[in-house]
Amino acid sequence: MPEGPSIVILREQVADFEGRTIVRAQGSSKDVATDELAGQPILALRTFGKHFLIRLADRALRIHLLMFGTYLINQTKEAGRAKPRLSLFFDDDSALHFYTCSIKTLSDDLDSEYDWRGDVMNDAWSPALALKKLRAQPDLLACDALLDQTIFAGVGNIIKNEVLFRVRLHPLSKMGDIPAAKLRALVAQARAYSFDFLAWKKEGTLKQHWLAHTKKICPRCNISFLRGHLGKTARRSFYCARCQLQYPLTPARSGSTPRSRETPPAS
């Protein structure tokens, strides 16, 4: 599933379509009245977490690429392959095509549809609001908290695993047991890593920077990572039982301190 940074890249790649007028629309989506889109100007292209948003004159379209969604600009897939869920055509024969995705029609007032403070990549992001939501759910596991789109819109499984490794936090730690400083670090790194992800994705080096996600050996402790489908979300977790502390700490670990600083090793 594309994470928030990938959707930001989508917005940047199609930025030239902002201000253009749709001349024709078609697609297999049952949730969009494609016959009503002709003549509609694209007033804004925005993102919220994993949602790509197209604001028109009287409505907005929300596109969620789900697990395997894709998009193409000015080209289509080979005949016989997946048909577009939505295609938008413009007067110079340019077009946008979205495949294997969910498309919904929203009000054109996106400010009433979304609280931008919850998007980790938005300028309006509020770490204080995220902390408030986390503290209100003391039994929420760290592995589930980071994937909660009402708290960290845009964070996906890669970011989850990498952030937990960065802040040395065990994925099964509960929000109510995590020290205040550690909780603040979790919130801060959810945003920081998302922007690192964006930069590395643009460079084509994202996987080279993974320290935990899909890895077998902890680069700090040089021991095997544990892995499992943890929490209510049951998404894959990769974590070190030695340097990622599970709170509350047991007496044996409460007096110990990690051997290296709380910054990730060079990748």
Applying the 4.5 Å side-chain criterion to the ILVMFWY set and letting contacts propagate, would Ile73 and Ile103 be lumped into a single cluster? yes
For Phe17, which residues count as a ring-ring contact (aromatic ring centres under 6.0 Å, His included) partner, sequence neighbours excluded? Phe90
With distance as the sole test, does Asp144 use its side chain to make a donor-acceptor pair with the main-chain N or O of Thr233 at under 3.5 Å? yes
What one should report as the nearest heavy-atom pair of Phe197 and Pro5 is CD2-CB, 3.3 Å
Option among Tyr239, Phe165, Trp210 that satisfies the ring pair (Phe, Tyr, Trp, His ring centres under 6.0 Å) test with Phe225: Phe165
Distance-minimising heavy-atom pair for Ala190 and Ile159: O-CG2, 4.3 Å
For Val23 and Asp91 the tightest heavy-atom approach is CG1-N, 3.9 Å
Does the Arg191 side chain pair with the main chain of Asn122, one donor and one acceptor, at a distance under 3.5 Å? yes
Within a strict 4.5 Å, meaning less than it, do heavy atoms of the Arg46 and Tyr114 side chains meet? no
Can you tell me how far NZ of Lys232 sits from CG of Asp148, rounded to the nearest 0.5 angstrom? 10.5 Å
Is a side-chain donor or acceptor of Lys133 paired with a backbone partner of Thr150 at a separation under 3.5 angstrom? yes
Scan His97, Gln13, Arg85 and name whichever one has a side-chain hydrogen bond (donor to acceptor under 3.5 Å, both in side chains) with Tyr71. Gln13
Keeping the roles fixed (side chain from Gln244, backbone from Leu169), state whether a donor-acceptor pair exists under 3.5 Å. yes
I'd like to check Val163 versus Val155 (side-chain heavy atoms, cut-off strictly below 4.5 Å). Are they in contact? no
Do the charged groups of Arg166 and Asp196 touch, with an N to O distance under 4.0 Å? yes
Regarding Asp92 and Ser94, do their side chains bring together a donor and an acceptor under 3.5 Å, going by distance alone? yes
Does the structure place the NZ or CZ of Lys77 under 6.0 Å from the centre of the six-membered ring of Tyr99, at an angle of no more than 45° from the ring's axis? yes
Closest contact, heavy atoms only, Ala180 versus Arg135: CB-NH2, 4.4 Å
Would you mind reporting whether Lys160 and His213 have side-chain heavy atoms less than 4.5 Å apart? no
I'd like to know if the side chain of Asp123 pairs up with that of Trp116 as donor and acceptor (distance under 3.5 Å, no hydrogens or angles considered). no
Measure the spacing between CZ of Phe98 and CZ of Phe52 and express it to the nearest 0.5 Å. 5.0 Å
Residue pair Ile7 / Phe48, side-chain heavy-atom distance below 4.5 Å: no
Under the side chain to side chain contact (heavy atoms under 4.5 Å, CB included) criterion, do Arg227 and Lys216 qualify, and how do the steps go? CA-CA 9 Å; Arg227 62 184 65 193; Lys216 295 181 179 180; 3.5 Å; yes
Do Leu110 and Val8 belong together in a cluster built from hydrophobic side chains that touch within less than 4.5 Å? no
Under the criterion side chain to side chain contact (heavy atoms under 4.5 Å, CB included), I'd like the reasoning laid out for Leu245 against Ser173: C-alpha separation, chi angles, the key distance, then a yes or no. CA-CA 8 Å; Leu245 302 182; Ser173 295; over 6 Å; no
I'd like to know if the side chain of Asn161 reaches the main chain of Arg236, judged simply by a donor and an acceptor atom lying under 3.5 Å from each other, with no hydrogens or angles considered. yes
Cluster question for you: counting only ILVMFWY and a side-chain heavy-atom cut-off of under 4.5 Å, with indirect links fine, are Phe238 and Leu186 together? no
Verify, without hydrogens or angle tests, whether Glu18 (side chain) and Ile42 (backbone) share a donor-acceptor contact under 3.5 angstrom. no
Could you grab the distance from atom CD1 of Ile217 to atom CG of Leu211, nearest 0.5 Å is fine? 13.5 Å
What is the distance from atom CZ of Arg242 to atom SG of Cys221, rounded to the nearest 0.5 Å? 5.0 Å
For Trp200 and Tyr193, take the angle between the two ring planes, folded into 0 to 90°, and tell me which bin it lands in: parallel under 30, tilted 30 to 60, perpendicular over 60. perpendicular
Close side-chain approach of Trp125 and Val187, heavy atoms under 4.5 Å: yes
CG-CG distance between Leu141 and Leu146, expressed to the nearest 0.5 angstrom: 11.0 Å
Taking the side chain as C-beta and beyond, is there a heavy-atom pair between Leu43 and Asp108 under 4.5 Å? no
For Ser6 and Lys201, which heavy atoms make the closest approach, and how far apart are they? OG-CE, 3.6 Å
Transitive ILVMFWY side-chain link Leu53 to Ile9, under 4.5 Å: no
So OH of Tyr247 and NE2 of His170: to nearest 0.5 Å the spacing works out to 12.0 Å
Going by heavy atoms in the side chains, are Met175 and Pro138 under 4.5 Å from each other? no
Are any side-chain N or O atoms of Gln149 and backbone N or O atoms of Gly49, one a donor and one an acceptor, separated by less than 3.5 Å? no
Flag the pair Arg220 / Cys243 as yes when at least one side-chain heavy-atom distance between them is below 4.5 Å, and no otherwise. yes
Which heavy-atom pair separates Thr100 from Ala82 by the least distance, and what is that distance? OG1-CB, 4.4 Å
Evaluate Met121 against Thr47 for side chain to side chain contact (heavy atoms under 4.5 Å, CB included), listing each step before the verdict. CA-CA 9 Å; Met121 303 204 71; Thr47 65; over 6 Å; no
Which pairs of donor and acceptor atoms, one on a side chain in residues 55-66, lie under 3.5 Å apart (sequence neighbours left out)?
unit_1, atom_1, unit_2, atom_2, d
Asp58, OD1, Gln40, NE2, 2.6
Asp58, OD2, Gln40, NE2, 3.3
Arg59, NH1, Glu36, OE1, 2.8
Arg59, NH2, Glu36, OE1, 3.1
His64, ND1, Leu66, N, 2.9

Tell me, yes or no, whether the heavy-atom count around Phe68 atom CZ, taken from other residues, nucleotides or ligands under 6.0 Å, exceeds 12. no
Give the cluster check for Leu230 versus Ile158: same hydrophobic cluster or not, with ILVMFWY residues linked at side-chain heavy-atom distances below 4.5 Å. no
Do Ser126 side-chain atoms and Leu129 backbone N/O form a donor-acceptor pair below 3.5 Å? yes
